[in-house]
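What follows is one structure encoded as structure tokens, with my remarks underneath.
Given the structure is predicted, the values throughout are model-derived calculations rather than measurements.
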Amino acid sequence: MLVEFFWVAIVAGASAAAVIWVLATRIALGILRATKASGLRYLLALLWPFGTRLVPGAAPAEATRLNKMLVGFFAALLVAIASMAVYSNLTFVLPAPTP
């Protein structure tokens with residue numbers, strides 16, 4: 001029963017991190033469109049959207065939302081990683097002794 005719970009926690013944590021990444025990317029691209037940034041910044045926004053909050057001209061409200069999403073992203077990652085550790089401990093099978 002605990003194994004299934006932690007499997008669900010792994011999937012939920014990884015899914016939450018992916019969703020937060022996509023939402024942060026949408027906000028980051030919106031910030032870059034509003035500030036008329038260069039093409040390299042768009043690529044950087046896809047790779048690490050949370051860095052866009054430091055772009056000059058970014059609205060404080062959107063920078064705050066990106067900061068909150070960054071915290072949520074790392075919290076979701078921590079849940080997924082911790083669940084992986086517990087899941088692997090619960091499913092560990094000792095090797096059979098050999099004579």
Side-chain angles (χ1 to χ4, degrees):
M1 173 145 173
L2 276 176
V3 173
E4 290 86 11
F5 172 75
F6 285 104
W7 175 250
V8 169
I10 292 170
V11 172
S15 299
V19 167
I20 289 171
W21 189 278
V22 170
L23 293 175
T25 302
R26 288 186 62 202
I27 292 173
L29 293 177
I31 289 172
L32 292 177
R33 266 187 247 116
T35 59
K36 296 178 178 47
S38 66
L40 180 61
R41 289 232 183 204
Y42 282 98
L43 178 64
L44 292 175
L46 293 174
L47 297 175
W48 186 248
F50 307 107
T52 309
R53 69 189 191 282
L54 303 174
V55 170
E62 293 191 359
T64 302
R65 281 187 13 204
L66 279 175
N67 283 336
K68 290 178 183 179
M69 284 185 168
L70 181 63
V71 171
F73 175 74
F74 281 115
L77 236 67
L78 285 174
V79 166
I81 292 169
S83 298
M84 279 187 238
V86 175
Y87 178 81
S88 67
N89 284 333
L90 289 174
T91 57
F92 180 71
V93 178
L94 291 172
T98 56

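Taken together through direct or relayed side-chain contacts under 4.5 Å among Ile, Leu, Val, Met, Phe, Trp and Tyr, Val8 and Val86 form parts of separate hydrophobic clusters. A continuous path of hydrophobic side-chain contacts links Ile20 to Leu77 [ILVMFWY only; heavy atoms under 4.5 Å]. Residues Val11 and Val19 fall into different hydrophobic clusters, defined by Ile, Leu, Val, Met, Phe, Trp and Tyr side chains chained together at heavy-atom separations under 4.5 Å. A single hydrophobic cluster is seen to contain both Trp7 and Val3, as judged by linkage of ILVMFWY side chains at heavy-atom distances under 4.5 Å, directly or through other members. Follow the hydrophobic side-chain contacts under 4.5 Å out from Trp48 and you reach Leu23 in the same cluster.
Of all the heavy atoms in Ile10 and Ser83, the pair that sits closest is CG1-CB, 3.5 Å. Counting all heavy atoms, side chain and backbone alike, Ala17 lies closest to Ala76 at N-CB, 3.7 Å. Contact detail for Ala45 and Leu32: the closest heavy-atom pair is CB-CD1, 3.5 Å. The nearest pair of heavy atoms linking Ile27 to Arg65 is CD1-NH2, 3.1 Å.
Separation of atoms CG (Asn89) and CG (Leu2) is listed at 12.0 Å; rounding is to 0.5 Å. The structure places CG of Leu90 at 12.5 Å from CE of Met1, a figure rounded to the nearest 0.5 Å. Annotation: the span from Arg53 atom CZ to Ile31 atom CD1 amounts to 10.0 Å, rounded to 0.5 Å. Summarising the geometry, atom CD belonging to Glu62 is positioned 10.0 Å from atom CE belonging to Met69; distances are rounded to the nearest 0.5 Å.
Contact annotation: the side chain of Phe73 never approaches that of Leu66 to less than 4.5 Å [non-hydrogen atoms, C-beta and beyond]. Looking at heavy atoms from C-beta onward, Thr25 lies out of side-chain contact with Thr52 at the 4.5 angstrom threshold.
Listed by chain and number, the hydrophobic cluster partners of Leu94 are Phe92, where partners are ILVMFWY side chains within reach of under 4.5 Å, directly or through others.
Atom CZ of Phe5 sits in a sparse spot, with 12 or fewer heavy atoms from other residues, nucleotides or ligands closer than 6.0 Å. In this structure, Trp21 places its CH2 atom where more than 12 heavy-atom neighbours from other residues, nucleotides or ligands lie under 6.0 Å away.
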